[in-house]
Amino acid sequence: MKKLLGYVLTPLFLLGFGLVLGIFHPIQWICLKLGGYSWHKRSVDYLNWGLMRSLWVLGSHVRFSNPYDLPTDRPIIVVANHQSLFDIPPIFWHLRKHHVKFVSKKELAKGIPSISFNLKHGGNAIIDRKDSKQSLTELKRFAEYIEENNYCAAIFPEGTRSRTGKPKNFKQTGMKIMLKYAPSALIVPVAINRSWQLQRWGWYPMPVGVQPTWQVLEPIDPQGKSADAVIEEVEARVKSAIEGYKPQAEPV
C-alpha cells in the first residue's frame, strides 16, 4: 500500500524538490554578488531547509538529535556514515551556525541547479576520485581553510553511500589529512539511520512514511592521540549507533 501511495506522491515530491533547487539557484547568485559570503551562506542554509522540508510531501520527517553544545571558536570535523543523497541537508541546516562545508566528488559540481553552484562558490572541497594527487592537494587546502576560519568540515569516510544501511569500512587517507592540517579541530561523529530507505527504489517511486534520524554522538578531542586511534574511535562510535549493526567477532 505504501509503495502504491509512493507512485502517487512521488511526482509531487519531485516537483517541490525541483522547485527548491530551481528557485535557490538565482537566489544564491544574487546573494553572492550583492552580499558576499554572509548572504550566500544564508541562502544556502535556507536552500537546505527547503530540501529537507520537501520530504513532508512523502510523510517523512527529519529527526536531528544534538545534545552537545559544540564550540564555534574552533573548527569541527563532522564524520558521518553515508546512506543517501538526503544525508546532507539536515547537517547543513541543524549545524548552520558552524558554517558547514562538504567534501564532494567533482561530478556533483556541475549541472545540478543550486547544488553545483554552492559546491563551487561555498568553500567546499571538490575532489576527483580518479586523480589521487588532486584529491590530496584539495583536501589539504580544505583542511587549512577550515582550520583558519573555525568552520565545520563534513565528510563521509565510507566513500560511497550504503544502499542497504549496512555501514562500510571507513577510508583513512582523507581523515588523516584533515587531522594533520586542521590540528585544532574537534571531531564530531554523526550516525544516520533509515536515510537509505528514502531511495530504496531509486527516485521513483519514493517510499512513504520513512522517518530518518541524524544523531550527534559524543565529540572526540584528538589532542594527544594518534590519527589511527582517532579514526578507530570515531568509526566505532558511528557504527555502534547504526541500527542493526553487529561488529564482526575478532579472529581467535
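Note that the structure is predicted; figures quoted are calculated from it, not measured.
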Gap separating the [atom1] atom of [X] from the [atom2] atom of [Y], nearest 0.5 angstrom:
| X | Y | atom1 | atom2 | answer |
| --- | --- | --- | --- | --- |
| Met178 | Ile187 | CE | CD1 | 8.0 Å |
| Thr72 | Asn150 | OG1 | CG | 8.0 Å |
| Ile115 | His25 | CD1 | NE2 | 11.0 Å |
| Leu186 | Gln223 | CG | CD | 9.5 Å |

Donor-acceptor contact below 3.5 Å, side chain [X] vs main chain [Y]:
| X | Y | result |
| --- | --- | --- |
| Ser135 | Asp128 | yes |
| Ser116 | Pro113 | no |
| Ser54 | Phe17 | no |
| Thr10 | Tyr204 | no |
| Thr137 | Gln134 | no |
| Asn193 | Glu243 | yes |
| Asn81 | Ser162 | no |

Within-4.5 Å side-chain heavy-atom neighbours: [X] and [Y]:
| X | Y | value |
| --- | --- | --- |
| His94 | Trp214 | no |
| Met175 | Val79 | yes |
| Val78 | Cys152 | yes |
| Glu233 | Lys225 | yes |
| Glu147 | Ser184 | yes |
| Leu217 | Val190 | no |
| Phe24 | Phe117 | no |
| Trp203 | Phe13 | yes |

Side chains of [X] and [Y], donor plus acceptor under 3.5 Å:
| X | Y | result |
| --- | --- | --- |
| Ser104 | Asn124 | no |
| Asn169 | Lys239 | yes |
| Thr160 | Lys168 | yes |
| Arg194 | Gln211 | no |

**Prompt:** Does a side-chain N-to-carboxylate-O contact under 4.0 Å join Glu107 and Arg129?
**Reply:**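 No salt bridge links Glu107 with Arg129.
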**N-O pairing of Lys106 and Asp131 below 4.0 Å** =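 Salt bridge absent between Lys106 and Asp131.
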Heavy-atom closest pair, residues [X] and [Y]:
| X | Y | answer |
| --- | --- | --- |
| Gln199 | Ser84 | OE1-CB, 3.5 Å |
| Leu139 | Gly174 | CD1-CA, 3.8 Å |
| Pro205 | Gly6 | CB-C, 3.7 Å |
| Phe142 | Gly123 | CE1-O, 3.5 Å |
| Pro189 | Val238 | CB-CG2, 3.7 Å |
| Ile76 | Pro71 | CG2-O, 4.2 Å |

**Prompt:** Would the Tyr151 and Tyr145 ring centres measure less than 6.0 Å apart?
**Reply:**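 So the answer is yes for these two rings.
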**Prompt:** Are His82 and Phe170 near enough that their ring centres are under 6.0 Å apart?
**Reply:**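 Not close enough - the centres of the two rings lie 6.0 Å or further apart.
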**Request:** Under the salt bridge (charged side-chain N to carboxylate O under 4.0 Å, His left out) rule, what do Glu144 and Arg141 come out as? Steps first, then yes or no, please.
**Result:** CA-CA 5 Å; Glu144 291 173 339; Arg141 178 206 65 79; over 6 Å; no
Treating Ile, Leu, Val, Met, Phe, Trp and Tyr as nodes and any side-chain heavy-atom pair under 4.5 angstrom as an edge, say whether [X] and [Y] lie in one connected cluster.
| X | Y | answer |
| --- | --- | --- |
| Val100 | Ile146 | no |
| Met52 | Leu12 | yes |
| Leu4 | Val8 | no |

**Request:** Show your reasoning for whether side chain to side chain contact (heavy atoms under 4.5 Å, CB included) applies to Trp201 and Lys3.
**Result:** CA-CA 10 Å; Trp201 303 310; Lys3 189 171 184 177; 3.8 Å; yes
**Request:** Check whether NZ of the Lys or CZ of the Arg Arg200 lies under 6.0 Å from the centre of the six-membered ring of Trp196 and within 45 degrees of that ring's axis.
**Result:**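 Yes, Arg200 sits over the ring of Trp196.
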**Message:** Tell me whether the NZ or CZ atom of Arg96 lies within the 45° cone about the ring axis of Trp93 and under 6.0 Å from its centre.
**Reply:**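 Because its charged atom sits under 6.0 Å from the ring centre and within 45° of the axis, Arg96 does stack over Trp93.
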**Request:** With side-chain hydrogen bond (donor to acceptor under 3.5 Å, both in side chains) as the test, would you mind laying out the steps for His121 and Gln28 before giving the verdict?
**Result:** CA-CA 9 Å; His121 300 285; Gln28 282 190 73; over 6 Å; no
**Parallel, tilted or perpendicular, as decided by the 30° and 60° cut-offs, for the rings of Phe102 and Phe156** =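 The rings of Phe156 and Phe102 sit tilted, inter-plane angle from 30° to 60°.
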**Item:** Candidate list Leu198, Leu51, Val210, test side-chain contact (heavy atoms from CB on, under 4.5 Å), partner Phe86, passing option
**Value:**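 Passing option: Leu198.
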**Message:** Please evaluate residues Asp228 and Lys176 with respect to the criterion salt bridge (charged side-chain N to carboxylate O under 4.0 Å, His left out), reporting the C-alpha separation (whole Å), side-chain torsions for both, the decisive distance (0.1 Å), and the verdict.
**Reply:** CA-CA 8 Å; Asp228 288 334; Lys176 285 184 175 180; 2.9 Å; yes
**Item:** Derivation of the side chain to side chain contact (heavy atoms under 4.5 Å, CB included) call for Asn66 and Gln215
**Value:** CA-CA 6 Å; Asn66 177 21; Gln215 181 184 1; over 6 Å; no
**Request:** Check the pair Arg74 / Asp221 against salt bridge (charged side-chain N to carboxylate O under 4.0 Å, His left out), numbers first and verdict last.
**Result:** CA-CA 11 Å; Arg74 66 183 291 189; Asp221 194 330; 3.5 Å; yes
